[in-house]
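Encoded as structure tokens, the structure appears first; notes follow it.
Counting from 1, the numbers follow the sequence of the chain as shown. Computed from a predicted model, the values in this text were never measured in an experiment. In listed order, ligands and their atoms are each counted from 1.
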Amino acid sequence: MLRGGPGSTAGVKKGPFLPDVAVVGAGPVGLAIAWRCAQRGLRVVVHDAAPGSGASHVAAGMLAPVAEAYFGEHELTGLLVESAARWPGFAAELAAAAGTGIGHRTDGTLVVGLTADDLAEARRLWTYQQGLGLPITPLRPSALRDREPALAPRVRGGAVAPGDHQVDPRRLVTALRAAAERAGVGWRPDAVGDLSEVDARVTVVAAGCGAAALTGLPVRPVKGQLLRLRAPGRGTPGFRHVIRGYADGEPVYLVPRDSGEVVVGATVEERADTEVTAGAMLRLLRAAVDLVPELAEYDLVEASAGLRPGTPDNAPIIGALPGRPGVLAATGHHRHGIVLTPVTADLVAELIVTGEPDPLLAPFTPDRFTGAVRTALASEEETCD
Ligand code: GLY
């Protein structure tokens, strides 16, 4: 796009002092794009009044291409798998560039069911995932408990997805800011209300569900409430795997960190507020303690809610905006913003430098929501601001 890719430079702003790239939004996706672009020798600025305060501040940080492979989402699953494969290299490179760790852990994920019905539900999904050739293996109840003795004796069974890992999103943002800064990225602490306020040859809108107001794309807020517990006495949690499952029909995940924290999440609500409700906390805590009883003794340290940027097909929107020369979108990552950060950043930086979209992006371009589809969707969507 900056170096004369096919048909891509018409209308792109020019000028000796313009930044090459302005990124609107300093969540993990925006920061990683900025970092990757600066590594490619581009002059980059990031606009955000409150970096890292969006969905990533609440996110659990599961890197779960297998456990989050859902029926009918083949193309999204392919992108999740691709990005998860990039995570080990990305994590190591980032930690070295930033001089700080990001809590990347590779203990794997257990998928469990508390009751026979819960187990049937979990099995229905993992059978589908196995059918796609993804690495998830059913375990006998005894093998499950050998792996995680902290699981309740009532847990009926489960499976292990050894390649589903985790990272700490708050540490990720801190590291990305440091790495981007060291690579020469500049900061503009402003809230962008309109893209005409942004001066750069290429603008990347990575503003989560705020992208709807800036671009007209059908990105809607999907509320998620979760809470953070802490193991007593500054200890570490009594389990090491991420545990996901169903407890009496309630879906829940438990993400243990070296710091002693356990993230318990999350609701999925078609709402645009960030209130924390007693009912949601009750359901999450009950499900968490049903699966891992020792959690009842942990300290409750935080209850919070965030807004995932959802799209009509649950897949991200990445690529050039039709009819808006020099404007790219990298948004709509919904439940997958953290796992999709490396691949999004790599592919957007490549697109900006070469003007050539990687074939991996083909199912995720903004033009799938154009014309009548976009108008109809836009009239229905709630926005997050
Ligand atoms: N990826 C987990 C969530 O959105 O809750």
| field | Residues in the immediate environment of ligand 1 (any heavy atom closer than 4.0 angstrom) | value | Met62, Glu68, Tyr253, Ala266, Arg308, Arg335

| query | Does CD in Glu297 sit with more than 12 non-hydrogen atoms of other residues, nucleotides or ligands closer than 6.0 Å? | reply | no

| task | Using a cut-off of 6.0 Å, state whether more than 12 heavy atoms not belonging to Arg156 lie near its atom CZ. | result | no

| query | Do Arg244 and Val112 come close enough that some side-chain heavy atom pair is under 4.5 Å? | reply | no

| task | Would you please say whether a donor-acceptor pair under 3.5 Å links the side chains of Ser304 and Gln225? | result | no

| task | Classify the side-chain pair Thr267/Glu269 by whether it contains a donor and acceptor separated by less than 3.5 Å. | result | yes

| Salt-bridge criterion met for Arg201 and Asp20 (N-O under 4.0 Å) | yes

